[in-house]
Protein chains: 2
Amino acid sequence: MSLRHAILVLLQDQEASGYDLAREFANSIGLVWNATHQQIYLELGKLNEKDMVKFRHIPQDGKPDKKMYRITEEGRDELIRWLRKPAAPPRIRDAFMVKIAGGALSDPSSILRELEDQADLRRERLNTFEDLARKLDDRDSDKNMYTYLTLRRGILDQQAWLNWAEEVRSELRRREDLTTSV
Amino acid sequence: MSLRHAILVLLQDQEASGYDLAREFANSIGLVWNATHQQIYLELGKLNEKDMVKFRHIPQDGKPDKKMYRITEEGRDELIRWLRKPAAPPRIRDAFMVKIAGGALSDPSSILRELEDQADLRRERLNTFEDLARKLDDRDSDKNMYTYLTLRRGILDQQAWLNWAEEVRSELRRREDLTTSV
DNA sequence: TATTGCAGCGCAATCCGTTGAATAAGTAGT
DNA sequence: ACTACTTATTCAACGGATTGCGCTGCAATA
């Protein structure tokens with residue numbers, strides 16, 4: 001349960017509303033941890049109860065009021081504490097891979113079709129990450145270096161996925177040849 | 001919610017007890033979907049209520065009785081239905097990566113320490129997967145091809161991770177040089 | 001002999017996450 | 001004029017997942 005900590009990480013740099021955070025989750029941090037806006041609002045509520053964040057009401061004209069959250073001392077303490085203890089390895093839950101594992105049931109053509117859909121998604125992500133990495137101006141600043149490394153992680157991940165997809169294609173083709181020649 | 005389908009995939013090949021399944025989740029399928037024994041027993045119960053699996057009681061001497069589950073027609077239908085509709089892309093939730101993203105807070109040495117711990121884990125997995133891949137005898141059988149592809153996915157993933165770790169090391173070293181020379 | 005580990009199953013409580021919807025006012029497009 | 005999107009937050013309901021606990025009994029080890 002480190003949605004909490006992901007939020008605290010974001011709040012470190014700047015005061016932000018739930019809405020702001022949700023947008024950032026959709027981009028930057030979403031690369032390593034994703035969450036919907038409902039989850040974020042809920043978690044902000046809990047963090048507030050535990051005095052790890054506080055907010056001020058900002059009335060706006062035209063737009064609805066907003067709550068600008070900032071991290072407190074307790075919040076920072078909690079974050080530091082969390083950073084110190086080892087992180088559990090991420091648990092893997094990949095539905096598409098379950099399909100591959102049970103692939104002998106479906107026919108190869110439908111697998112290939114879905115493979116291409118997934119590959120499109122990965123290619124899209126790859127482009128996004130590469131764009132963002134290119135736009136990082138000063139790579140030597142502390143903050144940017146870590147953002148850069150995070151992006152690199154995403155890039156290498158997508159690339160590995162796409163390479164795997166290439167292997168799948170050629171294996172399935174090989175298989176086709178075998179069966180038609182028998 | 002495709003714990004259900006992962007179980008059905010496993011039950012396709014052989015009758016198995018909850019305990020057996022839990023062990024398989026810890027190995028083979030665990031590579032793409034992990035689950036604890038509690039979750040598995042619970043899900044087996046639900047699957048049974050929906051007549052997607054049935055079981056027979058096996059009394060054992062010494063050991064407690066066990067329930068050997070097998071898939072039913074309804075179960076197979078459900079599995080086929082599920083295979084046909086597109087899978088949602090996996091959501092990413094990597095606590096260690098959240099730490100990296102907020103890395104500017106911790107000192108580089110503690111990051112490196114945890115990096116090495118995680119790297120050990122990845123190397124271990126890599127070896128396991130490579131061993132399993134080597135042991136697949138007849139790569140041309142339908143079933144083994146898909147197992148092979150699943151393993152390849154895991155292998156490429158671990159390798160990508162380890163390459164990334166190499167990048168992190170050199171970036172952090174570079175950074176150290178910069179700060180000491182200033 | 002005490003402890004640990006493995007085989008085997010289960011319940012209860014709680015927490016996390018997802019889905020869907022409601023509200024409300026401005027702005028941009030056809 | 002109508003539609004759709006953006007900003008901004010919240011609630012309700014459900015189901016999935018996790019954590020912690022409980023049971024039995026054999027085998028091996030220290």
Side-chain angles (χ1 to χ4, degrees), chain A residues 1-7 10 15-27 29-30 33-50 53-69 82 87-95 98, chain B residues 1-8 15-27 29-30 32-50 52-69 82 87-95 98:
Chain A
M1 65 109 174
S2 43
L3 167 59
R4 160 165 312 171
H5 305 101
I7 290 174
L10 288 176
E15 197 183 24
S17 68
Y19 193 83
D20 294 335
L21 291 171
R23 251 188 300 109
E24 288 197 66
F25 265 89
N27 307 328
I29 305 281
W33 195 282
N34 45 29
T36 61
H37 74 274
Q38 292 92 332
Q39 250 178 293
I40 291 163
Y41 284 120
L42 201 72
E43 193 61 40
L44 281 172
K46 287 183 198 166
L47 283 168
N48 184 51
E49 273 174 34
K50 300 195 177 193
V53 298
K54 60 182 178 187
F55 65 91
R56 37 189 202 112
H57 239 120
I58 311 278
Q60 297 186 114
D61 45 319
K63 297 173 191 173
D65 296 0
K66 61 174 161 179
K67 295 177 178 176
M68 291 298 276
Y69 288 89
W82 178 75
R91 57 199 182 304
I92 303 150
R93 259 153 214 204
D94 191 327
V98 173
Chain B
M1 65 112 175
S2 43
L3 166 59
R4 161 165 311 170
H5 305 101
I7 290 174
L8 292 175
E15 196 183 23
S17 68
Y19 193 82
D20 294 335
L21 292 171
R23 248 187 305 111
E24 288 196 66
F25 266 90
N27 308 327
I29 304 281
V32 293
W33 194 281
N34 46 29
T36 61
H37 76 274
Q38 292 92 333
Q39 248 180 297
I40 291 163
Y41 285 123
L42 202 73
E43 193 61 39
L44 281 171
K46 289 183 197 166
L47 283 168
N48 185 50
E49 273 174 33
K50 301 195 177 194
M52 291 179 186
V53 298
K54 59 183 179 186
F55 64 91
R56 37 189 202 112
H57 240 120
I58 310 278
Q60 296 186 115
D61 44 319
K63 296 172 192 174
D65 296 0
K66 62 172 160 181
K67 295 177 178 176
M68 291 297 277
Y69 288 89
W82 178 75
R91 58 200 184 308
I92 303 152
R93 261 154 213 204
D94 192 328
V98 173

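Numbers restart at 1 for each chain; the letters A, B, ... are given by sequence-line order, proteins then strands.
Residues G18(B) and I40(B) come closest through the heavy atom pair O-CG2, 4.1 Å. Shown here for E43(B) and L3(B), the closest heavy-atom pair between the two residues is CB-CD2, 4.0 Å.
Comparing Q38(A) and D65(A) by the nucleotide of DNA chain D whose heavy atom lies nearest to each, the residue mapping closer to the 5' end is D65(A). When each of E43(A) and D20(B) is assigned the nucleotide of DNA chain C bearing its nearest heavy atom, the one mapping closer to the 5' terminus is D20(B). Toward the 5' end of DNA chain C, the nearer of the two residues R93(B) and M68(B), judged by each one's closest nucleotide, is M68(B).
Within the structure, a side-chain polar atom (N or O) of K46(A) is placed less than 4.0 Å from OP1 or OP2 of dC16(C). Taking side-chain N and O atoms only, T36(A) has no distance below 4.0 Å to OP1 or OP2 of dT19(C). Within the structure, every side-chain polar atom (N or O) of Y41(A) is placed at least 4.0 Å from both OP1 and OP2 of dT10(D).
A straight line from CG of L47(B) to C1' of dG16(D) spans 14 Å, rounded to a whole angstrom. Between H57(A) atom NE2 and dA8(D) atom P there is a gap of 13 Å when expressed in whole angstrom units. Rounded to an integer number of Å, the gap from L44(B) CG to dG10(C) C1' is 12 Å. Remark: P of dC15(C) and CD of E49(A) are 12 Å apart, rounded to the nearest angstrom. Counting to the nearest Å, the C1' atom of dC15(C) and the CG atom of L42(A) are 11 Å from each other. Atom P of nucleotide dG10(C) and atom OH of Y19(B) are separated by 15 Å, given to the nearest angstrom. Distance, L3(B) CG to dA17(D) P: 6 Å, rounded to whole Å. Going from atom CZ of R56(A) over to atom C1' of dA8(D) covers 16 Å, rounded to whole Å.
Residue side chain H37(A) does not reach the base of dT7(D) through any donor-acceptor N/O pair under 3.5 Å, judged by distance alone.
Judged purely by atom type and a 3.5 angstrom limit, R93(B) uses its side chain to pair as donor or acceptor with the backbone of N34(A). Side-chain atoms of N48(A) never come within 3.5 Å of backbone atoms of G45(A) as a donor-acceptor pair (strictly under, hydrogens ignored). Looking at S2(B), its side chain never comes within 3.5 Å of a backbone N or O of H5(B) through a donor-acceptor pair.
At the heavy-atom level, R4(A) lies nowhere under 4.0 Å from the strands shown.
Of the candidates dT7(D), dA17(D), dG10(C), the closest approach to any side-chain atom of R23(A) belongs to dT7(D).
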